[in-house]
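What follows is a short report on a single structure.
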Amino acid sequence: MKQVITALLFSAFGSPAFAQQPLSNLHKNIQGIEISSDSLNLVDQEILKDTDSVLIDGKRYVIAEEKIIPYGYADHPEAKKIDSIWMNEFLNAGLYDTIYTDITNLEFEPVDYIDLPTDTLKVRLAKLNQKTPFNVEYNPSLESVIKMFLKNKRGFLTRVMARSQFYFPLFEQSLDNHDIPLEMKYLAVIESALNPKAKSRVGATGIWQFMYPTGKAYGLEVSSYVDERSDPMRSTDAACKYLGKLYEMFGDWDLALAAYNSGPGNVNKAIRRSGGSTNYWNLRTYLPRETAGYVPAFLATMYIMEYAKEHGFEDYKTRAAYFETDTIRVKRLITFDQISEYLQIDREQVQFFNPSYKLDIIPLIDDKNYSLRLPREAIGRFVANEDSIYARVDKELKLREKALPELVETSDQIRYRVKSGDVLGKIAEKYGVRVSELKRWNGLRNNNIRIGQRLIIYPKKPIATTSNKTSKTSASKEYIVRSGDSLWSIANKFPGISIKNIQEWNDISGSKLKPGTKLVLCKC
């Protein structure tokens with residue numbers, strides 16, 4: 001069908017009335033300029049079989065009753081975008097392994113850092129000691145850790161400070177409710193670098209690094225779909241309860257910190273071996289190596305973040321503070337891809353605000369209340385269009401040929417060679433995937449593809465066996481490091497593979513990579 005559309009139609013999203021006019025009248029509203037669909041600069045335009053919709057410049061629009069309507073629901077006037085650079089600081093997942101390694105290998109040797117004289121540090125620590133129940137008195141070991149962090153970990157601290165703008169208000173509310181010192185919020189920096197997806201080598205998970213049994217004991221659900229150890233709100237509440245119990249046990253917050261890291265049993269052993277001392281600094285040599293560096297690292301982080309301005313750290317002004325997000329209880333099974341597409345919000349943002357959903361699916365389970373957290377204006381759009389959203393979800397689910405968990409968890413990878421006449425929508429339909437998934441898997445910024453280009457695809461539709469065999473290559477199992485590559489950038493190129501996976505499969509302990517190195521990307 002020959003449609004008359006305008007190049008300016010949806011670029012500005014003028015008024016809703018304009019966006020939903022009959023096709024035949026559109027040219028009258030753009031100062032007499034009439035542009036046919038054939039002459040538009042379209043990277044992908046096709047009518048899909050399951051919906052009457054069209055892709056224009058990478059955005060989808062619905063054709064209904066001779067009108068063109070944005071496929072995603074229009075934003076409210078007061079809606080604000082989250083700055084992409086700021087979000088990148090939040091989504092950098094490589095911080096956790098860095099802090100874990102540093103704490104484990106602390107040497108407590110003197111550090112040459114002239115920007116912080118010892119006398120100045122003593123005065124500041126004394127002031128800090130007056131307002132906190134932790135023992136923050138000066139000693140040379142603490143000075144060495146503080147100066148090492150300031151000298152060598154400035155990038156790490158800068159990114160953590162950016163994340164703290166979102167998480168600390170949430171922590172403080174829960175800490176206050178449980179009568180836990182508010183400074184305990186810095187513990188999460190040491191535990192996980194404020195990464196809700198952090199997972200230790202022994203399986204501790206989330207911002208507060210709960211092991212499976214401890215998490216279950218404090219009411220955190222862990223299932224195939226959900227891991228509440230990664231839920232910032234629920235895990236913080238559990239951490240407060242656990243820390244409260246540890247304080248009841250030892251009557252000292254420094255020892256409670258040590259017990260949080262290595263367990264009450266190891267702290268009790270250290271007390272016995274020290275001859276009964278209950279001062280952390282006297283016990284430190286009797287504790288496990290990691291715990292010996294744990295409390296100094298906590299106190300050093302507390303000092304630096306309390307005196308961040310004095311050390312020249314940027315005063316971050318958050319663009320998505322905790323109190324600017326909201327939740328809604330979900331009434332249907334819905335995927336992150338659907339939320340992203342319907343609300344015109346980056347999928348990475350949906351993941352960031354909802355880290356406890358393991359498969360990027362919010363499930364519907366009897367007797368369970370699962371919620372979606374997003375920036376406030378996005379939740380407003382969801383509420384305003386709730387019935388329509390669920391109707392679209394139901395329609396899409398009926399068109400799927402397999403059960404949804406199988407679709408999400410499929411790991412078979414093929415390499416598709418683009419042929420003449422191919423567009424992303426056509427390829428996506430052939431393999432039962434979404435255009436947004438194709439773009440994410442292949443790092444595409446728009447819908448432009450070229451003949452001969454190779455695309456990575458994780459099919460969700462049955463395809464011919466011969467096609468699978470001929471399409472699979474060793475590229476799905478190996479990767480050759482290029483100049484400028486990092487573990488984080490490589491992990492982002494291959495869905496389902498984490499930095500830790502790459503390190504374990506290739507016996508890498510650090511983060512440095514040499515160009516030309518072959519990395520195994522599958523422990524097959």
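Just so we're clear, the structure is a prediction, and the values are computed from it rather than from any experiment.
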*Is the distance between the ring centroids of Tyr342 and Phe382 under 6.0 Å?*
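Centroid distance Tyr342-Phe382: not below 6.0 Å, so no.
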*May I ask you to check whether Phe149 and Phe156 place their ring centres under 6.0 Å from each other?*
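For Phe156 and Phe149, the ring centres are not under 6.0 Å apart.
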Could you pull out all residues at least two apart from [X] that satisfy side chain to side chain donor-acceptor pair (under 3.5 Å)?
{"X": "Tyr303", "answer": "Arg124, His311"}
{"X": "Arg234", "answer": "Glu228"}
{"X": "Glu143", "answer": "Thr118, Tyr138, Lys147"}

*Look at Lys368 together with Glu221 and state whether they make a salt bridge at an N to O cut-off of under 4.0 Å.*
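Yes, this pair counts.
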Under 4.5 Å between any side-chain heavy atoms of [X] and [Y], yes or no?
{"X": "Cys240", "Y": "Ser174", "result": "yes"}
{"X": "Ile334", "Y": "Ile339", "result": "yes"}
{"X": "Pro196", "Y": "Ile207", "result": "yes"}
{"X": "Trp253", "Y": "Met184", "result": "yes"}

*Polar side chain donor-acceptor pair, Asn354 to Arg373, under 3.5 angstrom*: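 Per modelled atom types, Asn354 and Arg373 side chains form no pair under 3.5 Å.
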*Checking Arg332 against Tyr390: charged group under 6.0 Å from the ring centre and within 45 degrees of the axis?*
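Yes - Arg332 lies over the ring of Tyr390, closer than 6.0 Å to its centre and within 45° of its axis.
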Could you pull out every donor-acceptor pair under 3.5 Å between side chains of residues 254-266 and any protein atom, sequence neighbours left out?
unit_1 : atom_1 : unit_2 : atom_2 : d
Asp254 : OD2    : Asn135 : N      : 3.4
Tyr260 : OH     : Trp208 : O      : 2.7
Asn261 : OD1    : Thr291 : OG1    : 2.6
Asn261 : ND2    : Glu290 : OE2    : 2.9
Ser262 : OG     : Ala258 : O      : 3.2
Ser262 : OG     : Thr291 : OG1    : 3.4
Asn266 : ND2    : Ser262 : O      : 2.8

*Would you list the pairs meeting side-chain hydrogen bond (donor to acceptor under 3.5 Å, both in side chains) in which at least one residue belongs to residues 177-188, sequence neighbours left out?*
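The answer is Glu172-Lys185, His178-Asp237, Tyr186-Glu306.
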*All pairs passing salt bridge (Lys or Arg N to Asp or Glu O under 4.0 Å) where residues 205-216 contributes a residue, at least two apart*: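 Applying salt bridge (Lys or Arg N to Asp or Glu O under 4.0 Å) to every pair that reaches into residues 205-216, excluding sequence neighbours, yields nothing.
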*Aromatic rings Tyr357 and Tyr370: how do their planes relate, parallel, tilted or perpendicular, breaks at 30° and 60°?*
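Because their plane-to-plane angle is over 60°, the rings of Tyr357 and Tyr370 count as perpendicular.
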*Aromatic ring pairing Tyr167/Phe171, orientation class (parallel under 30°, perpendicular over 60°, tilted between)*: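 Geometry flag for Phe171 against Tyr167: parallel rings.
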